[in-house]
Amino acid sequence: MATLLLRCLALASFAALTIGCAAPADAVDSRELVFDSQSYYVVAVDTRQEDIELFWRNPDNGQPFASLEALKAWTADKGRPLAFATNAGIYDRDFRPLGLYVEDGKAIVPLNLAHGNPRSGNFSLLPNGVFAVYDDGTAEVRTTEAFRAAARKPRWATQSGPMLVIDGEVNTQFDNGSDSMKWRSGVCARTPHDVVFVVSRAPVNFHAFARLFRDELGCRDALFLDGTISQAWTPRDGYAGAPAFMTKPYAGMVAVFPKRR
């Protein structure tokens, strides 16, 4: 009996160690969510447990990563397997981020304050905004004007648009009955340490997507990241979002890693 008990304890200890070692691969909290008959994939990141970073070009050769697969392979080779990844916002015809883009404290693309024609793209559907992560690990989503006024220097940041939710209100530019249905992705920071990323499982309009952030996820400020080409990836669930045949090369991408112990 004593021998059997010792074997059971040894197996339990081994299982606990195995689970502990495997945990980083599933570090983020991911789930499926249905809101107003629409399906979404939601990933919550605790910045006290995970690091959020941005990547555009491969530091080894200066070439854009362009895909989540390429980013996954590179980070794995560097000994930093991803816990989550998604595309990080709108870019121009030259495959450069259209607005502010900050990597590791360096502003590679400056804040874009141009007021373009909304018909020319979602970025010009005002107000647009910035998702930023700071040296202390806190994160926020603000309108572009509020971000500029605050004058804080981010460690990582991406500017996109339009804002989905502003100070608890759905962007007034959105029409509840709009027939502009697309796959969409977005982000909010419910608290400075609680960041939520969402990709839709099917095409939705802006108003429905914004209400998801406000009414279901409890976000007071939320930012649209990108549309038809948007995807998200976790080790546990694989890819969610737009079908693979609809994706195109990305510019900036969000990468989440378990914090180094």
Side-chain angles (χ1 to χ4, degrees), residues 26-36 38-54 68 82-90 122 128-134 136-143 146-147 154-171 174 183-202 204-227 230-242 252-259:
D26 295 325
V28 296
D29 175 17
S30 59
R31 63 189 173 112
E32 300 286 342
L33 186 153
V34 176
F35 176 74
D36 275 1
Q38 297 281 2
S39 181
Y40 301 91
Y41 184 68
V42 179
V43 174
V45 178
D46 182 346
T47 63
R48 293 164 296 193
Q49 302 297 323
E50 290 97 43
D51 289 322
I52 301 175
E53 301 179 13
L54 289 168
L68 298 182
L82 287 169
F84 168 72
T86 189
N87 48 313
I90 295 172
N122 291 321
N128 50 39
V130 175
F131 167 62
V133 181
Y134 297 94
D136 60 3
T138 60
E140 67 177 0
V141 168
R142 287 192 172 191
T143 66
F147 175 84
R155 181 74 176 270
W156 313 91
T158 182
Q159 183 184 7
S160 191
M163 288 287 290
L164 298 167
V165 182
I166 307 147
D167 196 22
E169 299 296 331
V170 170
N171 190 327
F174 302 159
W183 278 271
R184 303 188 190 277
S185 67
V187 62
C188 83
R190 289 184 292 203
T191 72
H193 292 288
D194 180 16
V195 178
V196 181
F197 295 91
V198 180
V199 293
S200 65
R201 285 288 198 180
V204 296
N205 66 26
F206 269 131
H207 198 278
F209 197 47
R211 285 190 295 104
L212 165 77
F213 277 94
R214 184 191 65 179
D215 300 341
E216 181 68 21
L217 299 176
C219 302
R220 289 194 60 80
D221 295 278
L223 177 67
F224 174 72
L225 288 177
D226 212 337
S230 291
Q231 287 191 327
W233 178 88
T234 61
R236 185 184 70 184
D237 301 324
Y239 281 95
M253 290 175 280
V254 174
V256 173
F257 308 92
K259 281 191 181 295

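Residues take their numbers from the sequence shown, with the count starting at 1. Since this is a predicted model, take the numbers as computed values, not measurements.
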Do [X] and [Y] have side-chain heavy atoms sitting under 4.5 Å apart?
| X | Y | value |
| --- | --- | --- |
| R155 | V133 | no |
| V254 | I52 | yes |
| N205 | F174 | no |
| N87 | L225 | no |
| V198 | L212 | yes |
| M253 | T86 | no |
| L33 | E216 | yes |

Original post:
Roughly how far apart are Q231 CD and D226 CG, rounded to 0.5 Å?
Top reply: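 Output value for this atom pair is 11.5 Å.
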
**OP:** Drop me the distance from S30's OG to F84's CZ, to the nearest 0.5 angstrom.
**Re:**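 Between S30 OG and F84 CZ, I get 9.5 Å after rounding to 0.5 Å.
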
When you measure from the side chain of [X] to the backbone N and O of [Y], does any donor-acceptor pair fall under 3.5 Å?
| X | Y | result |
| --- | --- | --- |
| R190 | L217 | yes |
| D36 | Q38 | no |
| N171 | M163 | yes |
| E50 | V45 | no |
| T158 | G89 | no |
| R214 | E169 | no |
| R220 | D167 | yes |
| R211 | F206 | no |

Minimum heavy-atom distance [X]-[Y], with the two atoms named:
| X | Y | result |
| --- | --- | --- |
| A132 | F147 | CB-CE1, 4.0 Å |
| C188 | V141 | CA-CG2, 3.9 Å |
| L82 | A255 | CD2-CB, 3.5 Å |
| A189 | A139 | CB-O, 3.7 Å |
| A210 | V165 | O-CG2, 3.5 Å |
| S160 | L223 | O-CD1, 3.5 Å |

Subject >> Counterpart residues, side chain to side chain donor-acceptor pair (under 3.5 Å), relative to S185 (two or more places apart) >> reply: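 S185: side chain to side chain donor-acceptor pair (under 3.5 Å) contacts with S230.
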
Subject >> side chain to side chain donor-acceptor pair (under 3.5 Å) partners of E140, counting only residues at least two apart >> reply: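 Checked E140 against side chain to side chain donor-acceptor pair (under 3.5 Å); matches are Y134, R142.
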
**OP:** Give the intermediate values and the outcome of side-chain contact (heavy atoms from CB on, under 4.5 Å) for residues V42 and F197.
**Re:** CA-CA 6 Å; V42 179; F197 295 91; over 6 Å; no

**OP:** Let me know which of V195, L54, D221 forms a side-chain contact (heavy atoms from CB on, under 4.5 Å) with F131.
**Re:**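 So the option named by the test is V195.
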
**OP:** Could I get the full list of side-chain contact (heavy atoms from CB on, under 4.5 Å) partners for R201, not counting sequence neighbours?
**Re:**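 By the side-chain contact (heavy atoms from CB on, under 4.5 Å) rule, R201 matches E32, S39, Y41, A240.
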
Original post:
Can you check side-chain contact (heavy atoms from CB on, under 4.5 Å) on T47 and H193, steps first, answer last?
Top reply: CA-CA 5 Å; T47 63; H193 292 288; 2.8 Å; yes

**OP:** Take T234 and Y239, measure what side-chain contact (heavy atoms from CB on, under 4.5 Å) needs, and give me the verdict at the end.
**Re:** CA-CA 7 Å; T234 61; Y239 281 95; over 6 Å; no

Subject >> Stepwise side-chain contact (heavy atoms from CB on, under 4.5 Å) test for I166 and T143 >> reply: CA-CA 8 Å; I166 307 147; T143 66; 4.0 Å; yes

Original post:
Can we call the ring centroids of F35 and Y40 under 6.0 Å apart?
Top reply: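 Between F35 and Y40, the centre distance exceeds or equals 6.0 Å.
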
